[in-house]
Amino acid sequence: MPVSLNYLVRRVGWSIATIAGVVILSYLVLVLSPGDPAVKWAGNPRGPGAAKAIENARKELGLDQPLYLQVLNFLRMAFTGDLGISIAYKKPVSEILWRGLAATLELLALAYAIAIPLGAFIGVMASLRRGTWLDGFIQSASLVLANTPTFWLGIAIFMVLSTSGVTAYGRVDTRLALATGFRSITGLYLLDALVQLNFPVFLDVLARTFPPALAVAAYPVGVCARVTRALMADALLEGFVQSAVAWGVSRRAVVWRYAFRATLAGLVQVSGLAFAYSLVDAMVVEYVFGRDGLGRFLFDSVNTSDFRLATGLIIVVALFYVLANTLADIVQALVDPRVKL
Amino acid sequence: MMNKGHRSNLGGLGELARRAWSRSLRFRAGVVIVVVMVAVAILGPFIAPYPSDGWGAVPPKAAERAGKPPGPEFLLGTDHLGRDVLSRILVGAWLALAQSLAVISIGLALGLLLGICAAYYRQAIEATINYIAEVFLALPAVILALALRMVLGQGIHVVIGSLLLTWWPWYARVAYVYARSIAEMEYITLAKLAGVPGRRILVRHIAANVLPPVLVQAITDVGSVLLEAAAINFLGLGLPPDAPDWGIIVQNGFKYVISMPWISLFPGLFILLTALGFSMLGDSLREELDPKMRRRWRLWF
């Protein structure tokens, strides 16, 4: 077992401490934001009963307690998965964000299912033809991809599709979903449609997820290609690869089974970190393509001044970041026996 | 890397740039792009064909001018309010550079200071700084921008504040790692034994050697910060909707993307080109600084 229990405990403890810091920080947003949350909660009451209604709302929200108790209370709630009730939607924030997170994860998963194999393949090709025009082209192209504003790329894809008559707006064709009796259980439409053997909906969801996924994939394709190229260049010079060549192992086996395997751990770690980074890209692209993901709720929370939703969003995104980074490190250790944690 | 790092200081950085210039095509291309963009940022308001359009004023004959495709009169077309897109891009160039350079320079200074302090003083200071850095590393800039937008309202402080808070921890970490390895070297011990005061060791012996590699990293990051700032403005979290920021111009054109695609197309190209220029500059400098060091993109750990 390359991952020691001791490391795991320390890592998890550190992650919890980080999340706690974020939760406290996000509570400050709630406290410092303009306007009295109790007034909002009571629905901006007017007339003789107003003072009483606001007082009741203050009690209900726990705002009559001292600040440190409020923070502690909020921490306790957040760690039990209760993020309060959204002011605009009048529904539990955790429920709204869970649905949003599922949509965003679906997009990210598809994007990375495209990006990692493609990027790795391109990187291996470049490393095998180092110094040629192909290598130069791949290097420049991946640099351009990594510096392309994702929202702009999303708009460009959206525009090209719209002018050629393809609709990629939203997550699923509502009429089709109703007609075929599609119901979402997990919030991951692709998975739900597959489980229910609802192939028309599955294809529709896929067709609508693919274009935004391409926009999100641009950055990780560039990153994976460059990292793979650099790691492969080192791996090809290693003793075990050289001796495999000397033993007369076929070129394909040397490249993929020996050299490429040695680069896997690095690739996993980098794509894990990029995955967390891509979350923001995915949110922006969701806004462009009108998908009901975290990006849409980010936009909504600003436009309706829904502070509860905003603080919930901050916490969920931080949780996602920390989880992705921790998992990337652990998977890296599992893939590469040289890494000891 | 380390033995080179010891001799080199800021003067060494000029030497480094000279070597990169003679060897790397990418470096030369990066220099050209960045110099042109800086020139545009400074001269933008003067060379713009319709400066008042650029600042966001709606021209008197707006209805006649609205939605013109690129042509001889309006090189990059006009937007839905009849404003010349080229003028808006040129006038907005300084905003793009000002936002990213402000974030990088302040973030760099803050990160260096805290990172080196953490490495030198250790114990409680080290733990505190590491913890705060960790918390801010768990938050993407867009999300912090959302928080600041909620509390403080729209404005440039949202963009700069949120990016600053998310970028200083990277420099603090890099500086911390370098500074720790330097702080354990013999010449630091010797300096301590010789009675050199702590502050002087920090500045003259540690900071001076940490600076070059971190500075090279920072040049690359200008591009990344520009991209993030554009995204924040695109989402409407940062600058007000009339500002000539490139991200906001893309946002303005987004609603008309089918009928007037040029409004969003061109400012996006400018973002791409500028970010690419800084990336190429920093990349090739880093290769020159240490050919063996692998590029880690925005991700250090």
Participant: Would you check if Thr150(A) and Phe234(B) make a side-chain contact, meaning some heavy-atom pair closer than 4.5 Å?
Facilitator: no

Participant: Report the option among Thr274(B), Leu226(B), Leu144(B), Leu146(B) that has the most heavy-atom pairs separated by less than 4.5 Å from atoms of chain A.
Facilitator: Leu146(B)

Participant: Of all the heavy-atom pairs spanning Met150(B) and Ser301(A), show the shortest one and how long it is.
Facilitator: CE-O, 3.0 Å

Participant: With no hydrogens and no angle check, is any side-chain donor or acceptor of Trp152(A) less than 3.5 Å from a backbone partner on Leu265(B)?
Facilitator: yes

Participant: State the CZ-CG distance between Phe299(A) and Leu235(B), to the nearest 0.5 angstrom.
Facilitator: 7.5 Å

Participant: What part of Leu25(A) is in contact with chain B, defined as an atom under 4.5 angstrom from a non-hydrogen atom: side chain, backbone, both or neither?
Facilitator: side chain

Participant: Any side-chain heavy atom of Ile143(B) sitting closer than 4.5 Å to one from Tyr321(A)?
Facilitator: no

Participant: Counting only non-hydrogen atoms closer than 4.5 Å, does Ala156(A) touch chain B with its backbone (N, CA, C, O), its side chain (CB onward), both, or neither?
Facilitator: neither

Participant: Does any backbone or side-chain atom of Ala17(A) lie under 4.5 Å from a heavy atom of chain B? Answer side chain, backbone, both or neither.
Facilitator: both

Participant: For Leu227(B) and Asn147(A), work out which heavy atoms get closest and say how close.
Facilitator: CD2-O, 3.5 Å

Participant: What is the distance from atom CG of Asp283(B) to atom CZ of Arg226(A), rounded to the nearest 0.5 Å?
Facilitator: 4.5 Å

Participant: Would you mind checking which part of Val22(A) comes under 4.5 Å of any heavy atom in chain B, side chain (CB onward), backbone (N, CA, C, O), both or neither?
Facilitator: both

Participant: Is it the backbone or the side chain of Phe136(B) that comes under 4.5 Å from a heavy atom of chain A, or both, or neither?
Facilitator: side chain

Participant: Phe254(B) and Phe151(A): aromatic ring centres closer than 6.0 Å?
Facilitator: no

Participant: Quick one: what part of Val280(A) sits under 4.5 Å from any heavy atom of chain B, side chain, backbone, both or neither?
Facilitator: side chain

Participant: Is Leu152(B) close to chain A through its backbone or its side chain, or both, or neither, when contacts mean heavy atoms under 4.5 Å?
Facilitator: neither

Participant: Considering all heavy atoms of both residues, which atom of Val302(A) and which atom of Leu237(B) are nearest to each other, and what is their separation?
Facilitator: CG2-CD2, 3.5 Å

Participant: Top residue by heavy-atom pair count (under 4.5 Å) with chain A, among Gly268(B), Gly247(B), Ala231(B)?
Facilitator: Gly268(B)

Participant: Give, as side chain, backbone, both or neither, the part of Ser26(A) having an atom under 4.5 angstrom from any heavy atom of chain B.
Facilitator: neither

Participant: So, for Asn130(B) and Trp14(A), which heavy atoms are closest and what is the spacing to 0.1 Å?
Facilitator: O-CZ2, 4.3 Å

